[in-house]
Amino acid sequence: MKMPHNVKQRKMFVGKAASPGYVIAKTKLIVRQRFTVSPFKIPKESAANQIEFFRRGVAQVKREILNLRDLTIQMAGREEAQIFDSHLMILQDPSLIDSVISLIRDEQWNASYAFHLFMQKLIENFENSKGIFKERALDLKDIYNRMLLHLNSGENNFVLQEEIEEEGVVLAGFSIGPNMLMNFNKGKVLGLAIDSGSATSHVSILARSMQIPAVLGLGNLSELINTGDLLILDGTNGIVIIDPDENDISKYKKQIEVFQNQKLELFTMRDLEPITMDGKYIRLSANIERYEEAGEITSFGATGVGLYRSEFLYFGRDSLPTRSEQAEAYRKVSHQLDPLPVTIRTLDAGGDKMLSSVNMESESNPFMGWRSIRLCLDRKDIFREQLKALIEAGDRGNLKVMFPMISSVSEIEKAKEIYNDCCTELKAEGIPIPKIELGAMIEIPSAVMIIEEIAKRVDFLSIGTNDLIQFTLAVDRSNGKIASMYEPHHPAILRSIKMVVDAAHKEGISVSVCGEMAADPLSTLLLLGLGVDEFSMVSWCIMECKKIIRSVNYDEARAISAEALKFSDTDSINNFLRKKYSQKIRNLGISSFVTTQEFSSSDRALVRVDGQIERVGS
């Protein structure tokens with residue numbers, strides 16, 4: 001039930017801080033779109049026409065998504081455009097196409113109802129799943145809405161883009177998909193206040209890249225707000241205030257000014273060395289997903305590529321990329337950034353990253369299933385083509401290759417054996433064999449337990465903290481019920497990282513961190529003190545990280561991290577780190593650091609009304 005316009009009552013909601021920044025603006029509600037899909041049986045002789053009608057719809061939606069991807073590249077960057085590659089992958093999935101055609105031809109349903117039947121069952125399965133699969137239901141709904149718009153000849157009341165007449169608004173609603181967000185004029189969308197979603201969803205990632213402040217997971221905010229209501233959105237702390245008072249407005253106007261000045265100041269870091277006050281150099285690299293991004297990362301102060309996710313060469317297509325296609329893509333990155341190092345991760349498919357060109361059966365627990373290095377060692381034909389392409393592209397001497405999801409010594413030895421065989425075959429073809437460093441990604445607890453043996457067999461190590469935290473703590477961070485248990489500073493995680501660093505340095509090799517932990521200010525300082533040699537992150541976080549590194553002494557950071565390792569619980573570690581570092585970070589003006597949090601993580605579903613705490617939603 002919407003609040004009447006004549007009733008004004010200040011309300012504060014706390015959700016998930018999805019994209020930093022502050023906004024004071026009026027609200028524009030996103031209304032849930034509804035379709036009327038009319039089922040009717042068709043004569044058998046009309047099946048061919050309905051199938052062709054369905055195929056034309058797929059082709060049209062594919063063109064629209066490709067256009068959205070191009071627009072996303074222009075507005076937000078190429079890393080975020082991969083969101084639409086996943087949409088293309090779903091749309092072109094042979095099982096989807098074949099199933100809908102079968103419903104038309106064999107069951108004699110009209111095209112729109114056949115598509116509706118298949119997609120509704122698929123969406124329901126995803127919504128009843130856990131973790132990241134539950135979030136992917138939103139991607140399916142985006143495709144469902146677009147297709148039905150075409151299959152119903154545009155006669156329904158579904159509108160992809162509502163006109164925003166105001167100067168700029170905060171979009172509020174139960175949910176929003178990346179397709180819908182990209183259809184709005186960027187300059188008119190000042191913020192997002194969404195009932196559902198998490199900080200790791202596609203929309204959150206897209207909002208951060210577009211520098212649109214966002215708070216997600218707000219419960220039922222959209223039911224308690226009207227279009228045109230004044231709202232303050234604090235994407236840094238995950239706070240939304242409806243009908244703010246004069247004190248709120250005055251406070252946040254000052255905060256907006258400070259935030260803008262902070263962003264301008266960070267660009268002064270771009271050309272400075274990432275070096276501590278006492279002379280310790282830390283390499284700051286970028287994570288990329290497409291070779292086109294290589295030309296952009298140095299503008300953010302990156303000193304190389306720490307993680308090139310090669311699997312995105314395989315997505316959105318019906319066939320595997322050829323060796324020459326891959327070699328060209330890898331060569332473009334290594335040549336453009338020469339002499340800066342470029343680390344390319346071999347194919348990391350599986351889990352939530354399915355390939356249409358590879359027969360990947362449904363698994364009950366895909367994140368612990370047939371994926372990453374396991375897939376490559378089974379499908380040596382795919383692995384060998386990629387390795388040969390990488391060898392051909394490494395002619396400048398700055399290319400490094402790492403194998404993901406290593407769990408045993410035998411996996412490293414088998415991967416290196418295949419690599420050496422590829423070198424022998426290419427040498428016989430007259431192709432020069434460059435020096436390429438081979439490394440392992442440490443993402444699984446078993447690899448940590450045998451890290452000394454692994455370190456003896458590789459040229460470098462890279463810690464994938466996202467998976468390492470999830471697997472070590474048995475916590476799915478996209479599961480809202482246990483998201484607060486996803487603790488990067490858990491003693492087991494810190495001790496695991498220290499074990500990896502010590503083993504690497506004992507063998508005289510470097511170790512990097514390429515998960516989201518690298519870009520968090522408190523974690524940056526902690527990882528620095530633990531001895532990590534390289535941090536790799538999304539490019540727009542690099543200057544902030546560089547500012548932090550340049551503000552501290554390495555020896556002091558080492559002493560603080562050593563002390564943190566002595567604690568046996570996460571709360572004690574966090575309190576200790578805040579005591580040591582929070583004032584320093586506040587003085588630096590690091591915008592993404594949450595200096596105060598009025599609610600603990602367990603209170604995320606609460607709303608404050610005139611000073612009183614009330615529970616909202618379920």
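Positions are given from 1 along the sequence.
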Regarding Gln386 and Ser310, is there a side-chain donor-to-acceptor distance under 3.5 Å anywhere?
-> yes

Can you sort out the partners of Ala193 under side chain to side chain contact (heavy atoms under 4.5 Å, CB included), two or more places apart, ordered by chain and number?
-> Val170, Ala172, Leu218, Leu221, Leu233, Val240

Just jot down the side chain to side chain contact (heavy atoms under 4.5 Å, CB included) partners of Tyr419, sequence neighbours excluded, or say none.
-> Leu387, Ile391, Cys423, Ile436, Leu438

Which residues satisfy the side-chain hydrogen bond (donor to acceptor under 3.5 Å, both in side chains) test with Asp421, sequence neighbours excluded?
-> none

Scan the side chains in residues 402-418 for donor-acceptor partners under 3.5 Å anywhere in the protein, sequence neighbours excluded, and list what turns up.
from	atom 1	to	atom 2	distance (Å)
Ser407	OG	Glu411	OE1	3.1
Ser407	OG	Glu411	OE2	3.3
Ser408	OG	Ser410	OG	3.0
Ser408	OG	Glu411	N	3.4
Glu411	OE1	Ser407	N	2.6
Glu411	OE1	Ser408	N	3.4
Glu413	OE2	Arg457	NE	3.0
Lys416	NZ	Arg457	O	2.7

Side chain to side chain contact (heavy atoms under 4.5 Å, CB included) against Cys541, all qualifying residues, sequence neighbours excluded = Ala519, Met537, Val538

Go through the structure and list residues passing salt bridge (Lys or Arg N to Asp or Glu O under 4.0 Å) with Arg384, not counting sequence neighbours.
-> Glu425

Glu311 side chain vs Leu347 backbone, donor-acceptor pair below 3.5 Å = no

Taking every non-hydrogen atom, the tightest pair across Ala440 and Ile454 | CB-CG2, 4.2 Å

With Arg323, which residues qualify under side-chain hydrogen bond (donor to acceptor under 3.5 Å, both in side chains), at least two apart?
-> Glu392, Glu429

With a 3.5 Å cut-off and sequence neighbours excluded, list the donor-acceptor pairs that the side chains of residues 96-110 form with protein atoms.
from	atom 1	to	atom 2	distance (Å)
Ser99	OG	Ser95	O	2.6
Ser102	OG	Asp106	OD2	3.0
Gln108	NE2	Ile42	O	2.8
Asn110	OD1	Phe40	N	3.0
Asn110	ND2	Ser38	O	3.1
Asn110	ND2	Ser112	OG	3.0

With sequence neighbours excluded, residues passing side-chain hydrogen bond (donor to acceptor under 3.5 Å, both in side chains) with Ser46 | none

Can you sort out the partners of Val513 under side chain to side chain contact (heavy atoms under 4.5 Å, CB included), two or more places apart, ordered by chain and number?
-> Ile463, Thr465, Ala518, Leu527, Val532

Sequence neighbours left out, what passes side-chain hydrogen bond (donor to acceptor under 3.5 Å, both in side chains) with Ser334? Give chain and number order.
-> none

Tyr308 and Tyr330 aromatic ring geometry - parallel, tilted or perpendicular at 30°/60° bounds | perpendicular

Can you name the residues that form a salt bridge (Lys or Arg N to Asp or Glu O under 4.0 Å) with Lys332, not counting sequence neighbours?
-> Glu328

